[in-house]
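I have placed the structure first, in the form of structure tokens, so that the comments after it can refer back to it.
What you see is a predicted model, and the numbers here were worked out from it, not measured in a lab.
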Amino acid sequence: MPKVIFLPHEELCPEGLAVEADEGETILDIALKNDIEIEHACEKSCACTTCHVVVREGFDSLEESDELEDDMLDKAWGLEPESRLGCQACVTDEDLVVEIPKYTINIVSENH
């Protein structure tokens, strides 16, 4: 069973967290079910960038992003080559190390 390691984030996950995940689960769903409240203003429909994450290790194990996700990522704060939308990136059989960016472009917290 693959592991997802969330690096420490000042507000959402101060200590960081390592959890087991099921293949096919999205990074966002894994975070949410482990009380890491990553913003997801569009309710996981790939229509915003509030769930932007950076996959520091294991990026190449993910399926490639599609054109819609790439278009959305172009609007994300702090975009990096290993950036993905948490609602679209599904875990495979490899471990991942995920960083949650400090900021989003969301002006108001949705408090999901």
What's the shortest heavy-atom distance between Cys42 and Ala47, and which atoms?
SG-N, 3.3 Å
Under 3.5 Å, which donor-acceptor pairs do the side chains of residues 53-63 form with other protein atoms, sequence neighbours left out?
| residue | atom | partner | partner atom | Å |
| --- | --- | --- | --- | --- |
| Arg56 | NE | Glu99 | OE1 | 2.6 |
| Arg56 | NH1 | Glu80 | OE1 | 2.7 |
| Arg56 | NH2 | Glu80 | OE1 | 3.2 |
| Arg56 | NH2 | Glu80 | OE2 | 3.0 |
| Arg56 | NH2 | Glu99 | OE1 | 2.8 |
| Ser61 | OG | Gly58 | O | 2.7 |
| Ser61 | OG | Thr92 | OG1 | 3.4 |

Tell me whether Asp95 contacts the main-chain N or O of Pro2 through its side chain, where contact means a donor paired with an acceptor under 3.5 Å.
no
Of all the heavy-atom pairs spanning Cys46 and Cys87, show the shortest one and how long it is.
N-SG, 3.9 Å
So which atom in Gln88 and which in Glu69 form the shortest heavy-atom distance, rounded to 0.1 Å?
CB-OE1, 3.4 Å
How far does CD1 of Ile27 sit from CG of Leu32, to the nearest 0.5 angstrom?
12.0 Å
N/O donor-acceptor pairs under 3.5 Å from side chains in residues 16-26, not counting sequence neighbours:
| residue | atom | partner | partner atom | Å |
| --- | --- | --- | --- | --- |
| Glu25 | OE1 | Asp22 | N | 2.8 |
| Glu25 | OE2 | Lys33 | NZ | 2.8 |
| Thr26 | OG1 | Asp29 | N | 3.0 |
| Thr26 | OG1 | Asp29 | OD2 | 3.2 |

Any idea which heavy atoms bring Leu28 and Glu39 closest together, and the distance?
CD1-O, 4.5 Å
Nearest atoms (heavy-atom pairs only) where Leu85 meets Met72
CD1-CB, 3.9 Å
Counting distance only, does the side-chain N/O of His9 pair as donor-acceptor with the main-chain N or O of Leu12 below 3.5 Å?
yes
Could you tell me the separation between the CG atom of Leu96 and the CZ atom of Arg84, rounded to the nearest 0.5 Å?
10.0 Å
Close side-chain approach of Ile30 to Asn34, heavy-atom, < 4.5 Å
yes
Is any side-chain heavy atom of Val91 less than 4.5 Å from a side-chain heavy atom of Val4?
yes
Holding to side chain to side chain contact (heavy atoms under 4.5 Å, CB included), I want the full list of residues that pass it with Asp35, two or more places apart in sequence or in another chain.
none
Measure the spacing between CD1 of Ile100 and CD of Glu37 and express it to the nearest 0.5 Å.
10.5 Å
Is the shortest side-chain heavy-atom distance between Leu7 and Val98 below 4.5 Å?
no
If you look at every heavy atom in Cys51 and Ile38, which pair is closest and at what distance?
CA-CG2, 3.7 Å
